[in-house]
Colleague: 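Dropping a structure here in structure tokens format, bear with me for questions.
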Amino acid sequence: MKTEVRRFPDLSELSKAAAEFITNLINTTLEDKDFFSLVLSGGNTPRRLYEILAAAPLADRVPWSRVHLFWGDERCVAQDHPDSNFKMANELLISKVALPQDNVHRIAVETGPPDEVARAYEQVLKRFFGGGSPNFDLVLLGMGKDGHTASLFPKDSVLLEQVKNVAAVYPTAASVAVPRITITFPAINRAACAMFLVSGKDKHAVFKAIIGRADRAGPTYPAALVEPREKLIWFVEDFD
Ligand code: 6PG
């Protein structure tokens with residue numbers, strides 16, 4: 001796995017570069033494949049990125065009919081709740097581009113208790129990837145100031161999951177402390193590429209600890225455990 005760090009003066013420049021990277025990766029990948037599987041992240045950081053991807057010129061460069069969207073995690077709230085990761089992506093991106101509805105693989109949190117929803121999403125992934133394990137083309141990730149990513153929080157036993165690709169978690173320290181559905185490291189690390197968007201001075205020390213650590217293991221910072229098959233890129237706001 002190759003790791004690359006790209007530094008930017010602010011979130012706006014970071015988002016533009018990330019959108020350009022994603023657009024180029026989609027087009028390069030689709031030279032050899034029929035579809036591109038993209039895992040979206042939640043939270044606030046990717047908002048500007050989604051807006052840029054949804055507007056000209058980049059929106060016109062993406063063959064949306066061959067892009068399939070998934071979520072790295074979702075809060076167990078109604079689809080129209082302000083904390084819904086789907087709501088945010090739908091408003092800023094999905095509703096603005098010519099993406100077929102069948103290409104949107106939402107985590108349907110309203111269909112049952114969290115554990116059942118996790119099992120159902122596992123089946124969504126299994127069906128999409130022809131009965132096998134998911135191997136996403138790109139997983140987009142954010143990071144919290146505690147080093148969590150997706151809804152994989154420090155010291156949670158889900159960090160040790162080796163088999164399931166999707167899990168229900170009940171974080172108490174999260175900014176949005178509701179039950180959540182998250183993809184796990186088996187799903188993240190089988191992806192070809194993962195990219196972090198990290199903005200905010202309050203995350204910079206954790207970012208430097210992760211990049212600087214030799215071992216990169218340990219449940220201290222779950223983001224340190226992201227190791228996709230081919231490429232890991234950090235898009236970070238620079239505070240050095
Ligand atoms: C979520 C996210 C989560 C997020 C980080 C960073 O659903 O909360 O998937 O992992 O990426 O918490 O959030 P911000 O971008 O809002 O700082």
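When reading the values below, keep in mind they use all heavy atoms of this one structure, side chains included, and skip hydrogens, waters and symmetry mates. Just so you know, ligand 1 is whichever comes first in the structure, and atom 1 is the first atom listed for that ligand.
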Colleague: Would you mind checking which non-hydrogen protein atom is closest to atom 17 (O) of ligand 1, with the distance to 0.1 Å?
Modeller: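 Residue, atom and distance for the closest contact: K203 NZ, 2.6 Å.
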Colleague: Heavy-atom contact under 4.0 Å between G72 and ligand 1?
Modeller: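 Outside the 4.0 Å threshold, so no.
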Colleague: Just to confirm my output: which protein heavy-atom neighbour is closest to atom 8 (O) of ligand 1, and how far is it?
Modeller: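 Here the closest protein heavy atom is R75 NH2, 2.9 Å.
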Colleague: If you have a sec, work out which protein heavy atom is nearest atom 15 (O) of ligand 1 and how many Å separate them, to one decimal?
Modeller: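 The closest one turns out to be T45 OG1, 2.6 Å.
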Colleague: If the condition is side chain to side chain contact (heavy atoms under 4.5 Å, CB included), which residues does D146 pass it with, not counting sequence neighbours?
Modeller: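 D146 satisfies side chain to side chain contact (heavy atoms under 4.5 Å, CB included) with H148, F153, P154 once adjacent residues are dropped.
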Colleague: Between F36 and H68, does the ring centroid distance fall short of 6.0 Å?
Modeller: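 Ring centres of H68 and F36 not closer than 6.0 Å.
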Colleague: What protein heavy atom is closest to atom 12 (O) of ligand 1, reported as residue, atom name and distance in Å?
Modeller: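 For atom 12 (O) of ligand 1, the nearest protein heavy atom comes out as H148 NE2, 2.7 Å.
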Colleague: How far is atom 3 (C) of ligand 1 from its nearest protein heavy atom, and which residue and atom name does that atom have?
Modeller: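 For atom 3 (C) of ligand 1, the nearest protein heavy atom comes out as A150 O, 3.5 Å.
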Colleague: Return yes or no for this condition: an N or O of T149 is under 3.5 Å from an N or O of ligand 1.
Modeller: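 So ligand 1 has no N or O lying under 3.5 Å from an N or O of T149.
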Colleague: Just to check, does E74 reach to within less than 4.0 Å of ligand 1 when the distance is taken from its heavy atoms?
Modeller: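 No; E74 lies far enough from ligand 1 that no heavy-atom distance drops under 4.0 Å.
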Colleague: Does D73 approach ligand 1 within less than 4.0 angstrom via side chain, backbone, both or neither, non-hydrogen atoms only?
Modeller: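 D73 to ligand 1: side-chain contact only, backbone stays beyond 4.0 Å.
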Colleague: Could you tell me whether S199 approaches ligand 1 through its side chain, its backbone, both or neither, with non-hydrogen atoms closer than 4.0 Å?
Modeller: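 No part of S199 comes within reach of ligand 1.
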Colleague: Ignoring angles and geometry beyond distance, decide whether S41 reaches within less than 3.5 Å of ligand 1 through its nitrogen or oxygen atoms.
Modeller: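 S41 vs ligand 1: no N/O contact under 3.5 Å.
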Colleague: Output all residues satisfying side chain to side chain contact (heavy atoms under 4.5 Å, CB included) with E230, sequence neighbours left out; order by chain, then residue number.
Modeller: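 Result, side chain to side chain contact (heavy atoms under 4.5 Å, CB included) vs E230: A192.
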Colleague: Can you tell which of L11, T182, N44 gets a heavy atom nearest to atom 14 (P) of ligand 1?
Modeller: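 It is N44 whose heavy atom sits nearest to atom 14 (P) of ligand 1.
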Colleague: Compute the minimum heavy-atom distance from K145 to ligand 1 and say whether it is under 4.0 Å.
Modeller: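 No, that is not the case, since the closest heavy atom of the residue is not under 4.0 Å from the ligand.
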Colleague: Taking 4.0 angstrom as the limit, do K2 and E4 come out as a salt bridge?
Modeller: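 No salt bridge links K2 with E4.
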Colleague: Any N/O of S151 closer than 3.5 Å to an N/O of ligand 1?
Modeller: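 Between S151 and ligand 1 (N or O atoms, distance only) the closest approach is not under 3.5 Å.
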Colleague: Considering heavy atoms of the protein only, find what lies nearest to atom 13 (O) of ligand 1 and give residue, atom and distance to 0.1 Å.
Modeller: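 Protein heavy atom at minimum distance: G43 CA, 4.0 Å.
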Colleague: Quick test of your reading of the model: are E51 and R48 salt-bridged, counting only N-O distances below 4.0 Å?
Modeller: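 Here E51 pairs with R48 in a salt bridge, since their nearest N and O are under 4.0 Å apart.
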Colleague: Tell me yes or no: between the side chains of S151 and R180, is some donor less than 3.5 Å from an acceptor?
Modeller: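 Yes, side-chain donor-acceptor contact under 3.5 Å.
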Colleague: Less than 3.5 Å apart, any donor N or O on the side chain of E161 or T184 sitting next to an acceptor on the other?
Modeller: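 No pair is found: no donor N or O on one side chain lies under 3.5 Å from an acceptor on the other.
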Colleague: Charged N to carboxylate O below 4.0 Å: is that the case for K87 and E91?
Modeller: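 Looking at K87 and E91, the cut-off is met.
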Colleague: Going by atom types only, do N189 and E227 share a side-chain donor-acceptor pair under 3.5 Å?
Modeller: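 N189 vs E227: no donor-acceptor pair found between side chains.
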Colleague: What atoms of ligand 1 come within less than 4.0 Å of a heavy atom belonging to G142?
Modeller: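 The atoms of ligand 1 under 4.0 Å from a heavy atom of G142 are 11 (O).
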Colleague: For atom 6 (C) of ligand 1, what's the nearest protein heavy-atom neighbour? Residue, atom name and distance, please.
Modeller: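 The answer is M143 O, 3.5 Å.
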Colleague: So, regarding P46 and ligand 1 (criterion: nitrogen or oxygen to nitrogen or oxygen, under 3.5 Å), is there a contact or not?
Modeller: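 For ligand 1, there is no N or O atom that lies under 3.5 Å from one belonging to P46.
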Colleague: Are F235 and F239 linked, directly or through other ILVMFWY residues, by side chains that come within less than 4.5 angstrom of each other?
Modeller: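 No; F239 is not reachable from F235 via cluster members.
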Colleague: Is it the case that H204 and D240 place a side-chain donor and acceptor less than 3.5 Å from each other?
Modeller: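 Checked: H204/D240 side chains pair up, N/O donor to acceptor below 3.5 Å.
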Colleague: Under a 3.5 Å cutoff, is there a donor and acceptor pairing between the side chains of D137 and S37?
Modeller: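 Yes.
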Colleague: Ligand 1 versus L141, non-hydrogen atoms closer than 4.0 Å: side chain, backbone, both, neither?
Modeller: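 None of L141 does.
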